[in-house]
Colleague: 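Would you mind keeping the following structure in view while I ask a few things?
Here the structure is a predicted model, which is why all the values come from computation and not from measurement. Naming convention: chains lettered A, B, ... in sequence-line order (proteins, then strands); numbering from 1 in each chain.
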2 protein chains.
Amino acid sequence: MSLPQYKTIVDHLKNQISAGKLSTQDKLPSERQLSDQFNASRITAREALLQLEREGVIYRLNRRGWFVSPTRLIYDPTSPATFNQMLASQNRIGETTPISYELTEAPKAIATVMDLSEGSPVYLIKRLRSVEQRPILIEQIYVDANLCPGLLKHDFSQSLTEIFSIHYQKEVTQTGVNMYATSLDEQTAQELQVSAGSPCLEIKRCRFTDEGRVLEYDIEYWRHDAVELRMSLGHGQN
Amino acid sequence: MSLPQYKTIVDHLKNQISAGKLSTQDKLPSERQLSDQFNASRITAREALLQLEREGVIYRLNRRGWFVSPTRLIYDPTSPATFNQMLASQNRIGETTPISYELTEAPKAIATVMDLSEGSPVYLIKRLRSVEQRPILIEQIYVDANLCPGLLKHDFSQSLTEIFSIHYQKEVTQTGVNMYATSLDEQTAQELQVSAGSPCLEIKRCRFTDEGRVLEYDIEYWRHDAVELRMSLGHGQN
DNA sequence: GAGTGGTCTAGACCACCGA
DNA sequence: CGGTGGTCTAGACCACTCT
């Protein structure tokens, strides 16, 4: 009864990883190699790999293979640090790659959250953020165009917060955060170089200026295995 | 090329759900029925169901079938509300079921986080929390026994916070929170009545009294599809 | 072109569930 | 008991990546 066969493979691979025989970013044996080695069908080997993926221990690059996940980033959504500052404090190196940017009209759902009327002008910026060559998250940022005229002439591989502060004298003083675990749609998965349907963390942030206006609305899709949230709160109770 | 066959099944089921033909807690057709209906193998049908599970749209009860997920709870880790207060404000009804409780010695890892020495006396309480008959999370709570002598004589289907406050005059004023997406081990999965390896959210909380001592350390395993975190923060920046 | 994962077939046996 | 999902086999073809 007890041990399903795929569990044996799972445990074996976990041991290899914790013993350091496989380390961060190393490629695992191929599905066919594993099924040979354990005298199992390829589907069984794959079952084991999918299980490790759910746990966040390994990840896959589309049709290239399975790899050991690096240590999770630690992200504090209550901290004022920018993405790069957060990385620097953990001795890691990140890159931000703009994918697209345009001036467009706010769709209904976005307009509602941003407290604008449908069709209001908004900038839509899409960026990829990576750490040590590995894509970590995709973000879509909607910015109220009336608050930041001419925004598109700036360099979006920089911190947006700094652009807001330096060029528009806008500071964010309040943020609403919303997040849950789900899975990636086809396009976002492709942009993150993972398989469609991979688990992810969806984080939405609505950021207000001190006048109480919504400066930006940000939708982020994080690889679920890339991040660990950590924060400290006063007056918690439960 | 484009559409894999399982995607057709995924879309079909999503439509059924959004059209209300399948609603909350309804049972989906069995894997064999689906594979007949779509002229696919059972593995393909199952692939579709696993995909919907990752998205949080459906869930399974061990060997009983697949069901439509209820609306996610909204949980604000920064709020002082207790579990039942949180549920009440969303017009939902919860139950807390104690699984076990004992006086034991703090293992090393726990002692470290709680700033105790290894082997210090701690109470370990394990509870299941459900909403409308559906298991939502398992929690393991370690309590510094020196701060709450005789704790075990209380009723743990009640709010622990209230027990601390009423019987021990202890109030939590600071909380460290740590969370990430992973998957359930065999035992916890069983306690939540889901399959081993189901995706989950692991939330750890370290709760301090106003003297800066650790009153309790809480490890929670949430079904990943059961919850959405939402919070509002001052002075956010990024 | 060789190797990889992505998808798929058509079966099988088992353990557990509910009636 | 029959029905369900849980696990598994031994293949297959495809699309893509790497070299």
Colleague: C:dC8 C1' sits how many Å from B:L50 CG, rounded?
Modeller: 15 Å

Colleague: Counting just side-chain N and O atoms, does A:Q5 come under 4.0 Å of either OP1 or OP2 of D:dT9?
Modeller: yes

Colleague: Indicate whether OP1 or OP2 belonging to C:dG3 is found under 4.0 Å from a side-chain N or O atom of A:S30.
Modeller: no

Colleague: Atom CD1 of B:I43 to atom P of D:dC13: distance rounded to whole Å?
Modeller: 17 Å

Colleague: Using OP1 and OP2 only, check whether a side-chain N or O of A:R63 sits under 4.0 Å from D:dC18.
Modeller: no

Colleague: Would you please confirm or rule out a distance under 4.0 Å between OP1 or OP2 of C:dG11 and any side-chain N or O of B:S41?
Modeller: no

Colleague: With side-chain hydrogen bond (donor to acceptor under 3.5 Å, both in side chains) as the test, would you mind laying out the steps for B:E162 and B:T82 before giving the verdict?
Modeller: CA-CA 9 Å; B:E162 284 173 11; B:T82 65; 5.0 Å; no

Colleague: Let me know the distance between CD of A:E31 and C1' of C:dG3, rounded to the nearest Å.
Modeller: 12 Å

Colleague: Which whole-number value in Å describes the distance from A:F38 CZ to D:dT9 C1'?
Modeller: 17 Å

Colleague: With respect to the phosphate group of D:dG3, does any side-chain polar atom (N or O) of B:R32 fall under 4.0 Å of OP1 or OP2?
Modeller: no

Colleague: Has B:R72 got a side-chain atom pairing as donor or acceptor with B:A226's backbone, closer than 3.5 angstrom?
Modeller: no

Colleague: Rounded to whole Å, how long is the line connecting atom CZ of B:R60 with atom P of C:dC16?
Modeller: 16 Å

Colleague: Do the side-chain N or O atoms of A:Y6 get closer than 4.0 angstrom to the phosphate oxygens (OP1, OP2) of D:dT7?
Modeller: yes

Colleague: Name the nucleic acid region contacted by B:R46, choosing base, sugar-phosphate or nothing; use a 4.0 angstrom heavy-atom cut-off, strictly under.
Modeller: base

Colleague: So, is A:Q33 near the phosphate of C:dT4, with a side-chain N or O under 4.0 Å from OP1 or OP2?
Modeller: yes

Colleague: Starting at atom CD of A:E47, determine the distance to atom P of D:dG5, rounded to an integer number of angstrom.
Modeller: 15 Å

Colleague: Considering just the side-chain nitrogens and oxygens of B:S195, establish if one lies under 4.0 Å of OP1 or OP2 belonging to D:dG5.
Modeller: no

Colleague: Start at the 5' end of DNA chain D and walk down; is the nucleotide closest to A:N39 or to B:K27 reached first?
Modeller: B:K27

Colleague: Are OP1 or OP2 of D:dT7 and a side-chain N or O of B:R42 less than 4.0 angstrom apart?
Modeller: no

Colleague: Are B:N178 and A:E228 close enough that a side-chain donor and a side-chain acceptor fall under 3.5 Å?
Modeller: yes

Colleague: According to the interplanar angle, ranging from 0 to 90°, do the rings of B:Y75 and B:W222 count as parallel (below 30°), tilted (30 to 60°) or perpendicular (above 60°)?
Modeller: parallel

Colleague: Take the protein atom CG of A:L52 and the nucleotide atom P of C:dG5, then report the distance between them rounded to whole Å.
Modeller: 14 Å

Colleague: Under 3.5 Å, is there a donor-acceptor pair between the side chain of A:S23 and the main chain of A:G20?
Modeller: no

Colleague: Tell me: CD of B:Q193 to C1' of D:dG6, nearest whole Å?
Modeller: 17 Å

